Structure formats: structure tokens, C-alpha cells
J.: 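The structure's right below; bear with me while I get my questions together.
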Amino acid sequence: MLLPKITTFFNRSLTAKQLKQLHGFILVQGLNHLEGLIIRDLITSQSDYSQSISHYLRLILHHSALPDVDSATSAMRYFCKHGGYHEAFDLYVGLQRSGLSPSTFTVASALKACARIGDGNGGIMIHGQVYKYGFCGDVYVETALVGVYTKLGDMETAHKVFDEMSERNVVSWNSMIDGYLRSGDFATAEVVFSGVPNKDVVSWNSMVSGYSRTGDMEKALKLFDEMPERNLISWNAMISGYIECGKLDLARKFYDSMLQRNTISCITMIGGYSKCGDIVSARKLFSETDRMDHLLYNAMIACYAKNSRPKEALQLFDEMLQTNVNIQPNKMTLATVISACSQLGDLTFGSWIHEHYMNQTGITMDDHLRTALIDLYAKCGSIDKAFKLFHNLQNKDVVAYTAMILGCGINGKQQIAIKLFDEMTESKIRPNLVTFSGLLTALSHVGMVEESYHRFNSMKRYGLVPTPNHFSLMVEILGRAGRLEEAHNLIKSMPMEPDAGVWGALLLACSTHNDVELGEIAAKHCFELEADSSGYGSLLANIYSSVGRWEDAKRLRKSIHEKGLVKVPGSSWMDHLQE
DNA sequence: CTAGGGTTAG
């Protein structure tokens, strides 16, 4: 007779905490079949999305028998809404296993989850079940199916499903437009767009952002002006389009002329400033914002981290946790903060986040975070920890491999670095410019000149054009082996202007091999390219000393000293040398 | 219930 009493508690908008207590009680009483009601209430409760609810939902779903179909469907929709597409899909699979028949809502949610994950197999499987359950005539289900295929880029099948629909709504049309735009078929997208019976603001927005993504701002602007109705998304699409093609001032003009903005308008703008290194404007915008949230903090912290200002990044992270601010970080925050730690070589703080903070806050690990940690541990010498994390990756992508290759390189495991590189290319993951920087850095620590040449030359095969950084690594490798003339020739063969890094590498090599003639040439270029750095002068002075040219060394050191006191504009150190 | 915007790791 306990049962009716308990059920009266439900549907009364209990708080998450109260529901939690109720759940405990139910379990103690052995009334597990009521768990579904708890889930439903958790979902429909007025409380905002919070990590505790989501965490709690996961617990219920993983530890107990599945509830009824409607509750499971509600949970799936809840997960979809908050990005838990994998959970939603798992739930669907669980539903299937326990022999429960899904409703059209269930199937539509599951399809949405597949579309967002990009799970083609899952989508096709459910497509089959749509026929089995006789859901073919349902607009929502069929629209969701179109969504699966457009997101996969399979416009042929999408078109087929769309064609066979007995009834279409504006969402079905919009999905098709979006699909064509994403596959780069603007002509067909235009045709479909003009054929939509009742265009809504989404149809227009899809077109605008389709063009703005590719940087065709003329077309985007034309559509934007023609739109009968605009919303925040239309404006934000214009802002990000202008940022994409480097027109920060125009982006800002749009931003300023918005009557109301949201967080995304602001973080788009901050991201734009971040990309072009304008930390000051980014910070100004950030500080002027009145409604703070974790996205804004993430954007600003990322701006600092990306622009080599790890200290400021950590400071802002600290500010975010202060009780008067009290904004909860998420995975992205932590990934960025860990990257700042590894720039600073701060293993203590970084591993504290890994070992304690994540447990405290219930933030779970993902591959982005793992990769950031791999980089941190590897750069701080804990290569074993890095390896452990590397093996735990769900899927190893080019970024993870690059971090590991570089990590092996700086920890004296060059052979493993090469092995990892080959393993990566064999599994059809394409290396990029950063990967080669990592590999060449690894090789520069040992005298493997031929191996380095081989790898350097192989860049072409991947369609990669070496940057000055790659050349300077090669110069360093040749220089270490004492092949200075060869290094000099490589520099002369560069298709672009060598930078100070390249000449600096040669100068350093000359100083270890006491080569005056080439050293002077290298130093001359360094002075021209980076007149305010005194390090080059010291290197050349060392070369002079090593061959007994004490007078030259003395004169050079003196002028370095003077330069530290009085800055002479336009004066090259070579002028002093050639006196 | 379906569609549309931004941010994270080398």
C-alpha cells in the first residue's frame, strides 16, 4: 500500500535533489519499476540543465533496468538537447535489446543522435526499422531520416528519401538546402531554396551561413538584405563570415549595429580577435560584457592560450572559479587550461586537474582532454603517463599522434617517434605541417641526417609545403652533423625568404663548429631580421674567441653592451664589424 | 518531437 503514496510525489516539480532522495527510497523499497517516473520528472522539472542532473541520469540509466518507452524517449530527447548523442543512441540500442517497441518520437530522436554523431551505420540500421515498424508515413521520422543522410553528405539517398515523402514540412526542405550547401553544391541549394513553399527564417539563415562559411560575403550580404525577417543567428552568421575572410572591421561593424546580442555574438568576435592576435581588443570586449558565462570565459582563456600567454590564461581560469564569479568550467575549459600548463611546463597544476579537479567536479575525460594531457605529460618528461593516456584514446587522430611523436622526440625515444609516425600513416591518417615539425624536432636530437632528409622530402607526397620552421629544423640537423655548407645551400634553395630562425639555426651550428666565415654570413642575416636580439651577437663573439680573434670578439661584445644601453635606430651590427 | 549560430587538444 506504499505504492500509491509514493506516486503522489511525482509530477509535482520536485527539485533534482528531492528526486534524488526519492530515488534512493525507491531502490531501498525494491520498487525499481518506478525509476522511469523519476527520469521523466527529472527531465520535465523546471531546473536548468546542470552537470549534476546529467550525471545522475547517466547513473540511473546505466545501473538499472530500462524504464518504459516513453520515459526512455524523454531521456533520449533530453540527452540530444544537451549534446549527449552517444547516450541517446545507447539508450535506443538498449531499448531494442529489451524488446520494447519504440514510438515515432523514439525513432526520430535516435535518428537525430545518429545524424549528429555522424554514425552512418546506426542511421541505416534505424532506417530499416522505420519500415519494420511502419513509420514511413510520419513526417518527423522521415525528416529526421533526411537529416541523417544530409549530415553524412549522402545527398543522393537524402534526395531519394525526400522524394518519396508523402508529406513534407519546411524542416524537410531546410535539411535538403543545408545538405547541398555543406556538400558545396550551391547551385542545387539555390534551386531548392527558391522552390521552398513557405520559407522561414531558418531557410534564409541556412543560405546566408552557407555562403558566409565559404567566405562569399557578397552573396551572404545580398541574402541578408533580402531577408524578410532576421534573428540573432542571421547576424552571427554575418559576423563569423567576415571573420573567416579576415575582415575584422566589417565583422565589428555588424556586431556594433546589432540591437541585441547573445553570448555567441560576443565569443565569435573574441575568436576573431584571437585569430589575428589582437589580445587587447579581445580582452576589451570580454571585459565590457555584462552577462558572463562559461562560454565567454572559455573563449577568452583560449585566446590567451593560443597567443602564447599561458599565465594570463591561468589567471582568468582562477578568476572564473572565484566565489564572486563562480562559473563552472567544462571539458573545453580544462583542455585549454591544460594546454596553458604545458606551455608553462607546469606539471603540478596540470596533473592536479587530471587527478583531483576532474573527480571533484565530475567532468569526464574525452579525447580532446586526453590529448592535452598527453602533451602536458610528454613535455614535462612523464612519457609513460603520456603513453598510457595515448593507448586509452577512443580514436587516435593526427593531433594525438603529433603530440606523442613530439613527446617521444624530446624524451630521447626517436625510434619510437618514427615508429608512431609510420603507424599513423599506415592507418591512413594524414600528417600535417605540425606533425612534421614534431618528427623533425625528434630527429634533430640525434644525428640521423639521411632519415631526416627522407622525411623532409616526403612532405611533398602529402601535399605539404615546408615552412621556414621546417627548414630551420633541417638546418639544425645538418648543422649538428657538421655539414654547414650543405645547410647553407639548403637555405639558399628555400622558395621563400628565410627568417631569423633559419639563420639562427645556422649561426648556432657555426658556433659549435667554430666556422667564422659562414657564421658571419648567418649573423649578418640574423641582425638584419631581428636587430633587437643580442643573442646572435654573443654567438658570433663566441666564434671569434674560439678561433683566437680576440679583438673582434671584444669589439662585438662591447657594442652589444652599448646597444643594451643606447638604442641606435637603423644601425646594423654588421656596420660595427666591418669598420 | 524536425532545422539554423560559437568555443576545446598538437
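Naming: A, B, ... by sequence-line order, numbering from 1 per chain. All values derive from a computational prediction rather than experimental measurement.
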J.: Quick one: is A:Arg213 getting a side-chain N or O under 4.0 Å of the B:dG5 phosphate, OP1 or OP2?
T.: yes
J.: Ignoring hydrogens and angles, state whether a donor on the side chain of A:His354 or A:Tyr377 is under 3.5 Å from an acceptor on the partner side chain.
T.: yes
J.: Would you say a side-chain N or O of A:Lys275 is under 4.0 Å from OP1 or OP2 of B:dG6?
T.: no
J.: Under 6.0 Å between the ring centres of A:Trp235 and A:Phe224?
T.: yes
J.: With no hydrogens and no angle check, just 3.5 Å: does a side-chain donor-acceptor pair link A:Gln315 and A:Tyr304?
T.: no
J.: Checking contacts here: which listed nucleotide (B:dG4, B:dT8, B:dT2) is nearest the side-chain heavy atoms of A:Ile233?
T.: B:dG4
J.: Find the distance A:Asp375:CG to B:dT8:P and express it as a whole number of Å.
T.: 16 Å
J.: Counting heavy atoms from C-beta on, name the nucleotide in B:dG5, B:dA9, B:dG10 closest to the side chain of A:Asn262.
T.: B:dG5
J.: Can you figure out which of B:dG4, B:dT7, B:dT2 approaches the side chain of A:Asn169 most closely?
T.: B:dT2
J.: When you check the side-chain N and O atoms of A:Asp200 and A:Asn205, is any donor under 3.5 Å from an acceptor?
T.: no
J.: Return yes if the base of B:dG10 and the side-chain atoms of A:Asn432 contain a donor-acceptor N/O pair under 3.5 Å, otherwise no.
T.: yes
J.: Among B:dG10, B:dT2, B:dG4, find the nucleotide with the atom closest to the side chain of A:Asn205.
T.: B:dG4
J.: Across the strands shown, which category fits A:Arg182 at heavy-atom distances under 4.0 angstrom: base, sugar-phosphate, nothing?
T.: sugar-phosphate
J.: Does a side-chain N or O of A:Lys151 approach OP1 or OP2 of B:dG4 to a distance below 4.0 Å, or not?
T.: yes
J.: Would you kindly give the NZ-to-P distance between A:Lys396 and B:dA9, to the nearest whole Å?
T.: 21 Å
J.: Atom OH of A:Tyr242 to atom C1' of B:dG5: distance rounded to whole Å?
T.: 17 Å
J.: Looking only at the side chain of A:Thr435 (C-beta and beyond, no hydrogens), which of the listed nucleotides B:dT8, B:dG10, B:dG4 gets closest?
T.: B:dG10
J.: Counting just side-chain N and O atoms, does A:Thr336 come under 4.0 Å of either OP1 or OP2 of B:dA9?
T.: no
J.: Which nucleotide in the set B:dG4, B:dA9, B:dG6 lies at the smallest distance from any side-chain heavy atom of A:Thr371?
T.: B:dA9
J.: What about A:Phe317 and A:Tyr297, are their ring centers closer than 6.0 Å?
T.: no
J.: Is there a side-chain polar atom (N or O) of A:Lys306 under 4.0 Å from OP1 or OP2 of B:dA9?
T.: yes
J.: Rounding to an integer number of Å, can you tell me how far A:Lys331 NZ sits from B:dT8 C1'?
T.: 11 Å
J.: May I have the distance from A:Glu244 (atom CD) to B:dG5 (atom P), rounded to whole angstrom?
T.: 14 Å
J.: By nearest atom, which of the nucleotides B:dG5, B:dA9, B:dG4 is closest to the A:Val201 side chain?
T.: B:dG4
J.: What contact category does A:Ser437 fall into here, base, sugar-phosphate, or nothing, at under 4.0 angstrom with non-hydrogen atoms?
T.: nothing
J.: What's the CG-P distance between A:Asn236 and B:dT7, to the nearest Å?
T.: 11 Å
J.: Mind calculating the distance between CE (A:Met358) and C1' (B:dA9) to the nearest angstrom?
T.: 13 Å
J.: Can a donor-acceptor pair be found between the side chains of A:Ser437 and A:Asn469 at a distance below 3.5 Å?
T.: yes
J.: Do any side-chain nitrogens or oxygens of A:Arg230 fall under 4.0 Å of OP1 or OP2 in B:dG5?
T.: no
J.: Side chain of A:Ala335 only, heavy atoms from C-beta on: which candidate in B:dG4, B:dA9, B:dT2 is closest?
T.: B:dA9
J.: At less than 3.5 Å, do the side-chain atoms of A:Thr268 and the base atoms of B:dG6 form a donor-acceptor pair?
T.: no
J.: Expressed in angstrom and rounded to an integer, what is the separation of A:Ile270 atom CD1 from B:dG6 atom P?
T.: 15 Å
